[in-house]
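Note sheet for the following structure.
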Amino acid sequence: MKTFFKLFVISAIIYWPFMAKAQEIQPADSTKTKPAESDRNVMLNASNANGPRQISIGLPSEDVSVYENGLPVVYSSAVQGVSTHWRSDASLKHIGLMQINETAIATGNIAYAVNSFPNMGTDEFQGIFNYNTNHFGLQRFDLGMSGAINKDWSFAGSIYQNFDPGSFKLRFTNYVDKTQLYKAAITRKLGERGSISLQYKYSNSRRLEQIVEMAPFIYVGDGSVKEIPGFSLGTSSYSPIAGRYPTMDMRNGNVSEVGLNDESQNRANELMLNMDYTFSNGLQWKFNAKAMKSYNSYVWVGAPSINKVNNGIEEGTEEDPDAAVYYVNGTDERFTGMKQNRIASFHYGNIKAAMLTSELYKTISNHKLRLGLNQWYYNVKYWSNTIRFDHDVTDYPTMLSHTVNDGKVANYAYNYGGSEYYDGKENKLALYLTDNWDITSKLNIYVGARAEYYRYRGKSLPFARFDNFHIGATVPGTNEKVTPVDFKGDYFNYALAATGTYRLTKHLGLTIDGTMVTRRPRLEDYATPDYPSTAQTVIKLGRAGIFFNNDWINLTSLVSYIGKTNNRTVVNISHPIPGNSETMASAFNYDIKTIGWTTDAVIKPFKNFNLHLLFTYQKPTYEKFETTVTFSDGTSSSINATGNNVTEIPEILIEIDPSYTISNRVNIWTSFRYFSKTYANLSNALYFNGHWETFGGVNFKVNEKLSIGATVINFFNQSGATGTIAGSELIQKDEADRFKNTWMAGKYLRPFTVEFNASIKF
């Protein structure tokens with residue numbers, strides 16, 4: 001709290017001269033500068049039941065995409081997952097979608113983002129209780145209440161309880177997601193001019209989704225997959241029965257046994273202050289600030305490769321006299337069957353964050369002006385411990401052990417390959433200005449500019465990882481000790497945005513917009529052995545098109561270009577020689593560009609019927625995407641993906657969302673989303689065919705107090721894989737045929753699910 005207070009004082013000193021002169025200032029809602037972009041179905045997510053969807057703009061997704069009162073829900077999702085501290089629950093009075101130009105100017109990110117607004121108090125008592133369940137056993141309870149204490153004071157509070165067992169039973173815990181959120185707020189009216197609110201929030205979340213998100217399948221070779229015998233994608237468990245593993249703490253070298261459930265703990269305490277005040281001259285001041293302290297941990301379990309084993313010997317290693325022999329763990333029985341190699345990363349972070357955003361709004365003539373300030377501070381101590389292990393390829397797989405020297409091990413390669421570490425601080429101090437200018441009744445111009453001073457300091461471990469890597473260990477072949485090394489940066493970032501709309505007729509108009517954002521490395525870019533390039537990353541977006549609005553249709557059609565230079569990524573590259581399970585993490589920078597066309601329409605052809613249509617064509621490609629990695633045995637492998645399509649991003653996206661309301665009481669709706677072929681490795685040799693994601697439901701308003709409903713997810717019951725194929729990083733197009741009918745592991749679609757909900761207002 002001391003840090004937060006210091007930042008508040010410093011920011012007030014910086015900002016006050018602008019406030020004092022703001023008699024002549026202030027803007028408007030920049031989201032109204034052009035035809036509205038759809039925020040429909042933002043919470044329908046076929047990959048994650050507990051967070052908002054990612055809306056593709058042709059680039060890999062940005063960091064934090066959810067905001068609360070204009071502030072990031074979490075400063076960085078690299079350690080603290082958004083859904084561990086935020087849910088779309090009864091505490092929120094409104095959820096909207098921030099446009100790309102707005103996020104660029106107000107936050108420094110470039111992406112569609114969800115902006116949510118909590119209920120801080122009401123003049124009259126009101127309450128709502130929501131209950132959700134599904135046929136897998138989900139139990140979710142969500143209660144929100146608010147009311148008046150007297151004519152000047154009001155309150156609000158909420159309780160959110162989520163107990164989600166997932167779509168299959170785990171043997172070491174009861175829930176894939178167990179999340180509890182508590183909020184309490186109090187508000188003081190400032191006469192007729194505004195209000196000031198204080199909210200306390202506590203979150204406690206255990207999320208194991210990154211442990212269970214992988215499953216085995218057979219890659220047919222034509223973009224399709226089929227299930228392996230005895231295993232159903234989405235409803236069979238691929239998490240080992242044992243929930244505990246030995247790990248080495250990379251901070252000190254101590255080895256201890258840890259549990260997957262225990263190491264998926266996230267706790268946070270947050271205090272938020274919000275103020276909205278209008279001066280006598282019409283100047284409006286909005287002030288939002290929060291301080292948060294959290295402990296965060298999660299476990300990610302990857303699945304690099306599946307190989308066949310005969311009588312304990314892995315195929316491809318029969319001639320090697322030193323080849324490991326595999327056994328059913330805890331026995332002397334030699335294993336025969338398909339063997340899955342796994343890597344588990346145990347991530348930890350202690351975080352302190354303090355953020356404030358202050359904005360002045362003023363309408364002067366036909367200008368709506370806004371002057372804003374961000375002061376965001378972030379302090380994190382982060383580390384991750386890694387291990388490798390093997391198991392068979394079955395439902396509830398059995399662990400395997402293998403021979404090492406004269407003994408057997410089930411867990412090995414402590415902190416080798418993927419362990420991470422940094423301890424540092426970030427600070428962003430930014431001023432931004434926007435003008436929403438109605439030049440004439442037909443012509444509107446929106447412009448915005450952001451100037452940001454970005455500073456970071458920290459320590460990391462720029463040493464190649466080796467077996468039993470930790471601080472204080474001796475680097476093999478040298479006398480050098482692994483010791484944290486300082487890094488720092490002081491940079492100027494900026495963002496620019498401009499949008500123009502011109503109405504040719506009462507219904508038809510033209511729109512054009514451009515956005516540019518610059519940035520520098522973040523703390524998490526120093527987590528691996530390779531220091532990031534400090535060259536400026538530049539993101540540019542340009543769009544132009546038409547819009548048409550009348551009583552029955554609202555249509556926007558745009559062509560666009562988006563490019564990003566000096567984008568940083570870390571690729572886990574598997575050893576190309578069969579039988580060698582080594583995986584190296586390689587960090588490097590590359591460029592990316594996308595040309596696209598999007599058409600969005602909301603059609604109301606007759607009363608009570610609504611149809612939303614969205615079509616997007618985009619072609620995201622890599623530029624300057626080249627790297628070489630050298631493995632411990634001296635083998636070197638190169639990757640060159642320049643000109644190839646970006647993995648996981650489809651070229652064609654289609655949404656069809658019809659809904660119909662009967663007698664203002666019954667609403668029937670469906671949502672169909674089509675994703676075209678996506679490439680599953682960097683060379684574009686492997687790919688997944690296009691697929692549909694489907695949702696549907698009915699909501700029935702029984703009376704003014706009670707509403708009930710049902711939702712079906714994946715009602716076509718499609719089963720399939722998504723994402724990338726682990727272990728295929730080095731596979732070229734001329735080698736793709738050897739992957740036909742190959743067993744491998746990857747992410748999968750949410751299975752057919754029926755959900756029920758009820759909502760009671762009181």
Donor + acceptor pair across side chains of Asn415, Arg465 (<3.5 Å): no

Quick check: does any side chain N or O of Asp525 sit under 3.5 Å from a backbone N or O of Arg522, one acting as donor and the other as acceptor? yes

How close do Asp164 and Gly166 get, heavy atom to heavy atom, and via which atoms? OD1-N, 2.9 Å

Measure from the side-chain N and O atoms of Glu648 to the backbone N and O of Ala680, and report whether any donor-acceptor pair falls under 3.5 Å. no

Do you know the tightest heavy-atom contact between Ala745 and Phe217? C-CE2, 3.8 Å

Side-chain heavy-atom pair Asn411, Arg388 within 4.5 angstrom cut-off: no

Heavy-atom distance under 4.5 Å between the side chains of Ile562 and Lys540, does that happen here? no

Could you give the distance from OH (Tyr748) to OG (Ser236), rounded to the nearest 0.5 Å? 9.5 Å

Looking at CD1 of Ile649 and OG of Ser676, how far apart are the two atoms once the value is rounded to the nearest 0.5 Å? 11.0 Å

In the structure I gave you, are the side-chain heavy atoms of Val393 and Ile228 within less than 4.5 Å of one another anywhere? yes

For Thr616 and Thr598, test the side chains for any donor-to-acceptor distance below 3.5 angstrom and give the result as yes or no. yes

Quick one: are the ring centres of Tyr245 and Phe389 less than 6.0 Å apart? yes

Nearest-0.5 Å distance that lies between atom CD1 in Ile343 and atom OG1 in Thr386: 5.0 Å

Which residues satisfy the side chain to side chain contact (heavy atoms under 4.5 Å, CB included) test with Leu611, sequence neighbours excluded? Ile603, Phe609, Leu613, Ile656, Pro658

What distance do Ser167 atom OG and Leu233 atom CG have between them, rounded to the nearest 0.5 Å? 10.5 Å

All side chain to side chain contact (heavy atoms under 4.5 Å, CB included) counterparts of Glu319, not counting sequence neighbours: none

Beyond-backbone contact of Leu260 with Phe172, side-chain heavy atoms, under 4.5 angstrom: yes

Short side-chain donor-acceptor distance under 3.5 Å, Ser671 and Asp657: yes

Determine, for Tyr396 and Arg171, whether the Lys NZ or Arg CZ falls below 6.0 Å from the six-membered ring centre while staying within 45 degrees of the axis. yes

Determine, using ring centers only, whether Tyr238 and His391 are less than 6.0 Å apart. yes

Would Phe672 and Phe715 count as a ring pair (Phe, Tyr, Trp, His ring centres under 6.0 Å) if you check the C-alpha gap in whole Å, the side-chain angles of each, and the deciding distance to 0.1 Å? CA-CA 10 Å; Phe672 303 86; Phe715 54 73; 5.6 Å; yes

Quick one: closest heavy-atom pair of Asp395 and Ser237, and the distance? OD1-N, 2.9 Å

Quick note, salt bridge (charged side-chain N to carboxylate O under 4.0 Å, His left out) partners involving residues 214-230, not counting sequence neighbours, are none

Between the side chains of Asp530 and Thr528, is a donor N or O closer than 3.5 angstrom to an acceptor N or O? no

Geometric class of the Tyr590/Phe625 ring pair [parallel <30°, tilted 30-60°, perpendicular >60°]: tilted

Nearest-0.5 Å distance that lies between atom OG1 in Thr565 and atom NZ in Lys593: 13.0 Å

Closer than 3.5 angstrom, by distance alone: can the side chain of Ser560 be matched with the main-chain N or O of Gly542 as a donor-acceptor pair? no

Could you tell me whether the side chains of Arg207 and Ser83 share a donor-acceptor contact shorter than 3.5 Å? yes

Could you check whether Phe335 and Tyr326 have their ring centres less than 6.0 Å apart? no

Does NZ or CZ of Lys408 fall inside the cone over Tyr327's six-membered ring, less than 6.0 Å from its centre and within 45° of the axis? yes

Could you measure the distance from the CD atom of Glu213 to the OG atom of Ser239? Nearest 0.5 Å is fine. 11.5 Å

Measuring centre to centre across the rings, with the benzene-like ring taken for any Trp, is His691 within less than 6.0 Å of Tyr674? no

Between Asn307 and Glu315, is there a side-chain donor-acceptor contact under 3.5 Å, judged purely by atom types and distance? no

Heavy-atom nearest pair, Thr331 first then Val328, reads OG1-O, 2.7 Å

Side chains of Tyr622 and Asn640 only: does a donor on one sit below 3.5 Å from an acceptor on the other? no

Closest non-hydrogen contact found for Trp597 with Val559 is CD1-CG1, 3.9 Å

Criterion salt bridge (charged side-chain N to carboxylate O under 4.0 Å, His left out) on Glu314 and Lys339, from CA distance to verdict: CA-CA 8 Å; Glu314 187 172 337; Lys339 173 184 72 72; 3.5 Å; yes

Quick one: does any side-chain atom of Asn589 pair with a main-chain N or O of Asn566 as donor and acceptor, under 3.5 Å? yes

Show the numbers, then the answer: is there a side chain to side chain contact (heavy atoms under 4.5 Å, CB included) between Ile306 and Met338? CA-CA 7 Å; Ile306 296 178; Met338 304 300 286; 3.9 Å; yes

Salt bridge (charged side-chain N to carboxylate O under 4.0 Å, His left out) contacts touching residues 231-248 (sequence neighbours left out): Arg244-Glu257, Arg244-Asp262

Salt bridge (charged side-chain N to carboxylate O under 4.0 Å, His left out) partners for Lys740, two or more places apart: Asp737

Under the rule for side chain to side chain contact (heavy atoms under 4.5 Å, CB included), what residues qualify as partners of Asn261, not counting sequence neighbours? Thr173, Arg206, Leu208

Shortest non-hydrogen contact from Pro751 toward Gly234: CG-O, 3.7 Å

Okay, side chain of Asn310, backbone of Ile313: is any donor-acceptor separation there less than 3.5 Å? no

I'd like to know if the side chain of Asn385 pairs up with that of His347 as donor and acceptor (distance under 3.5 Å, no hydrogens or angles considered). no

Is it true that Glu755 and Arg750 have a side-chain N and a carboxylate O under 4.0 angstrom from each other? yes

